[in-house]
Asker: 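One structure, as structure tokens, below. Some questions next.
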Amino acid sequence: MNKTKNFLTSQSFVSCMASFLSILFGLLFGLILLFLFNSEFALRGFNKMIATGIGSSDKLAKVLYQAAPLIMTGLSVGFAFKTGLFNIGATGQYTIGAFCALTAVIQFQMPWYIGLLAAVIGGALWGAIPGICKAFFNVNEVITAIMFNWIGMFLVNLLISNMPKMIANYWAGPQSDRTASLAVANPSGMIPKAGLDKLMGSNYMNISIFMVILIAVLVYLVLQKTTFGYELKACGYNRNASEYAGINAKKNIVLSMVISGALAGIGGGIYYLSGTAQYNLVKSLLAAGFNGIPVALLASSNPVGTIFSGLFISYIQVGGDAMQPEFAKETIDIIISVIIYLSAFSLLIQEIIRKFIKADKGNVNAEQQNEQPKKGNRK
Amino acid sequence: MRKFAAFVLSVAMVASLVSCGGNNGTNGTTSGTTANETTTEANQSTSSQETTSAQTSSPDSTDGYELALVTDVGNIDDGSFNQGTWEGLIEFAEANNKTYSYYRPSEDSDEARMETMKTAIENGAKVLVLPGYLFEPAVYEMQDQYPDVQFLLIDGEPHSADYSTYSTSKNVYCILYKEEQAGYVAGYSIVKDGYTQLGFLGGMEIPAVQRYGYGFLQGVDAAAQEMGVDVNVKYWYSQSFVANDEIMTKMSSWFTEGTEVVFACGGKIWLSANAAAEANGGKLIGVDVDQAGDSDLMITSAMKYLGHSVVTALTDLYANNGVWPDAVAGTTSTFGATEDMVGLPTAEESWRFNTFTVDEYNKVMEGIKDGSIEVSNDTNAAPATTKITVDFQN
Amino acid sequence: MSEYVIEMLNITKEFPGIKANDNITLQLKKGEVHALLGENGAGKSTLMSVLFGLYQPEKGCIKKNGEVVKIQNPNDANALNIGMVHQHFKLVEVFTVLDNIILGVEPNQMGFLKKTEARQKVMELSEKYGLKVDPDARIEDISVGMQQRVEILKMLYRDNEILIFDEPTAVLTPQEIDELMEIMRCFTKEGKSILFITHKLNEIMAVADRCTVLRKGKYIGTVEIQDTTKEELSKMMVGREVNFKVEKKKQKLRDTILKVEHVTVASKFHKNNAVKDVSFEVKGGEIVCLAGIEGNGQTEFVSALTGLEKMAEGKITLCKKDISHISIRERSKSGISHIPEDRHKHGLVLDYTLEENMILQEYWKPEFQNHGFMKRKAIREYAKRLIQQFDVRSGQGVSTIVRSMSGGNQQKAIIAREIEKKPELLVAVQPTRGLDVGAIEYIHKQLVAQRDAGKGVLLVSLELDEVMNVSDRILVMYEGEIVGEFDPKQTTTEELGLYMSGGKRQHGKAKEGA
């Protein structure tokens, strides 16, 4: 009895429940929204939204494909958050990671794993800069990171436009606004599909989701099981106390941002080395990096939770696309936003859950105390 | 703890802001018609646009939607290529009582476009109308997988991803346009109307944009010869289909240097030119569709009659029991003045010339149609000109 | 009309794993100072939060003038003329004194502030009660004592009749405490009623009329102060006899452990040095006390000693090893343990569990980690042993989040950690600040135990009682300099006070050091 109660009131369970509740309410809201938009098709649309992702193997492949970079940026934001930093620069690190990966693979014709390595280094470097500014000059990382999002994006555009080999029209066709398709420029630069594409019947599928899950577990282990993670979190929770304990807080802030950046960088690498997408020379920030924030938020920054929240967001997006044509593609964005917004109230929801559980268990406790009055005063 | 909650909330707000900004999509169709909803300027355009009348028709429950349009990446109300095509589709479907709908891919990739085309087919589409050259590899992949589905590819021809193989199957019909003719008539009219300081603002340097530009130069030159005036043309490719500050700065300098009218030829870049024109008292020429509604500064637009081509093609299709007639199946038609598929908008509210009249316009179009006026579609080199000075800028 | 202005009857309030208030009754008469006494974690703050509408009790009711009232939030409390000076002031740091006082009840006309009247009222109040403040000074620029006056003025400005003081003296100097007592007496003369939360028995004896005692969330009793003694109150509070006298064995002095030579530390706040040319020694087996009024360089000196701050000049030697320029971690390894002044800022990672905090100084040792992986089991066992040995109490044992623990137990945890490190020199900065007698007694015992074990103890304290009781040698610090050295057996608090306030100095002593 006690065990179940401990489990029910444990932090991880309660925050998990809070996320589930946010999702549930969000979906409920979504259903209402669908009825408002087009009541005739509301139920069918809703069904598509929540069932498409597992409806067929190629849709599942799409879910996994979209989830991989989402989880990576989610991990990036979540990791920084756990260590007391707000990495809003994930999108810049993601862009730089993508650029480094593509440069290695297209410009230098390297295999995919070198491309990913380059993405790690690029992302890490881009994360390090706000970290260094924070640690040594006490500049808020949010400011620096936002600036470096733009610097990164324009830098990448500038570099790519001056590297003719990178652009699609160097290899084939007239397009000069995007990088070359990997299938044309360097097939070995694509993340291997290991036969999964045939198995799942979708070109989207490759091994990246497995790498991502591995990385997420690794991040979890580092944060929870190592002295390094202990130091990082200590700095995040209380920089003064960690300095008092002889921890080099400056070093840890930089390292934390480096790792966070590297994670976002991998996200960019994974997405663009999948071979399906080509980097567009757009002059606006990529949304992919920012999308990590809600993913991390929904998972309460827990690395393992991030896997699930990333998969969920991707899943429901695929479902949302399948609601077309009766419902515009943007409908799902609204629903996701509501879910995220609700999860921002997770503290409140957690409190409600605790009360609910307590009310439920309250009678049992009272009985227990009556039966064993002596045990209560053990202390 | 409160601090934390406040922080989380602000994060959520940032995040929701960002996810509104959404979709990494950009980039466009032929002459650079593109829809990008990430820039703020882009949002303004849709508001002034007449919103597309119906989203979908009501299907007879099980059959789904017989006519389907898939956008290349942007939205249906992009005020440009997607919208022009879509309006034609609606016109045909309403007249012939067909079910219809449109779909939007999840991202800007061939894979996503194919996925969305499949979704459309699963939803009962018998005819897919695909606006934009970005569909070329997707149609190449799909055409033989779905032999029973009829594809109408606007502004492109199917080829493999590496451009090594071009092949159009029997269930595909491609439509291209003679942009040089539209450019020609726009250039001719504007000089005839008395303007002598002109500019050509291109999007990306792709053949369709080049044809518009070179046609424009030819038209300007012809009119200048007729009138015996000297005309200056500034000529620049922005290498972008989206509005940005660089274009605006450039256009501002053009207008302050005396340029009177700029032919803004490439997707959303007209927004930047428009902002510059507003600030400096310049005028514009639109492209692809009638842009008179977008801005009061649009004197005219070099149009492709997208809707008209869709209606024509679909009429032929249904006249032949829902498959492409042999005459067009597996072929590409290049439409121009002869077929009344390019030109300027002649409706009164779109006709904003000072002195140039519709009669004069019709005369030129007749000349192009009967061949007495020849417009070169060569994109390898800029056309030779006699009476005008062209300043090619980088 | 009832005899009581406020009655809290049979209040019960539960939190997960703990009954913070268990059937507690508190009755406040009009015009009295009523003390609420209890150890840390006895439920005083919870009870006041219930009265102030911050918590809703599970059972019980609140009556004002005999009528049952419902207090849902602080606004309700305000409407009932209940005001509170919180232990941690609730002031807007960047606002002026006047702005803070009128905050929430701003006099206005059509939304435009009308400060002139407010200023006049504040000045009148301040004059009447001798609460001198500068209405235009910003909160961040004035002293803690001043800030408290602002809080009191805030209540007066709202015409509150029932004034709650939550541990008001914890942050004050002895002189300020006397002034506060005077002000409280003045209030009661006017018919205001005061609830005075504290665990300092001297203050209760001095000012209170009656006293309600709580222990571990339970109601123990209410007594008339004139009929009771300090000893009796402390017995009620702790549940056993408390020894106020610290028992020490005969001193056995050993070699010098700490040698400080000509240490100078620059100030962060002004151009002068915060610590000027300080030299002294601490030998094994003695407790040296650094006494002084807050802000005379003690904090900066300890920061320099433990490595948190760099010193400008001087040399620090620990066990014959020069530690002047080595890192915090290295100093810790060399044998310094540090019980910091601010346990929330420096001493603990509040969001970590108790066991994680227990290894904060030693997590890198091979006992607790293997190739960078933490040995969870070893850590847990170590923490369990420590909390048992040092009697650290918490809701969920070693996995309690430290933030949820009471101040006394947090402090005990720090002491356990620092002593278990087996240091040569224990630096304890105000180790008993804000703690109740039981905890103070315990901590003093621990300090003496270290001394008796032959270690050096450097105690920094503001409380003269503590200074006189615990130390073997007293160094008085004034404006960054050591102005005198005393043997506690041969000096009086009055003499110390004179030196602490800069009224006197032993010439030559400061330069020579001990």
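We name chains A, B, ... by the order of the sequence lines, and we start the count at 1 in each one.
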Asker: Looking only at non-hydrogen atoms, find the nearest pair between A/A80 and A/N87 and report the distance.
Answerer: CB-CB, 3.6 Å
Asker: May I ask you to say whether C/K422 pairs ionically with C/E420, meaning some side-chain N is under 4.0 Å from a carboxylate O?
Answerer: yes
Asker: Checking C/E355 against C/S399: is there a side-chain donor and acceptor pair closer than 3.5 Å?
Answerer: no
Asker: If the threshold is 4.0 Å, N to carboxylate O, is there a salt bridge linking C/K384 and C/E381?
Answerer: no
Asker: Is it the case that more than 12 heavy atoms not belonging to A/F136 sit under 6.0 Å from its CZ atom?
Answerer: yes
Asker: Hey, is OH on A/Y113 packed in by over 12 heavy atoms from elsewhere, all under 6.0 Å?
Answerer: no
Asker: Salt-bridged, C/E58 to C/K13, with N to O below 4.0 Å?
Answerer: yes
Asker: Taking every non-hydrogen pair under 4.5 Å, which of C/S327, C/P340, C/S332 racks up the most with chain A?
Answerer: C/P340
Asker: Select, from C/W364, C/F373, C/Y363, the one with the greatest count of heavy-atom pairs under 4.5 Å involving chain A.
Answerer: C/Y363
Asker: Quick check on C/I401 against chain A: is it the side chain, the backbone, both or neither that has a heavy atom closer than 4.5 Å?
Answerer: neither
Asker: Quick check for you: among C/K345, C/E356, C/H371, which has the greatest number of heavy-atom pairs under 4.5 Å with chain A?
Answerer: C/K345
Asker: If the contact rule is any heavy atom under 4.5 Å from chain C, which residues of residues 235-244 of chain A qualify, in numerical order?
Answerer: A/Y237, A/N238, A/N240, A/A241, A/E243, A/Y244
Asker: Could you look at C/L308 and say if it's the side chain, the backbone, both or neither that has a heavy atom under 4.5 Å from chain A?
Answerer: side chain
Asker: For A/S260 and A/S76, test the side chains for any donor-to-acceptor distance below 3.5 angstrom and give the result as yes or no.
Answerer: yes
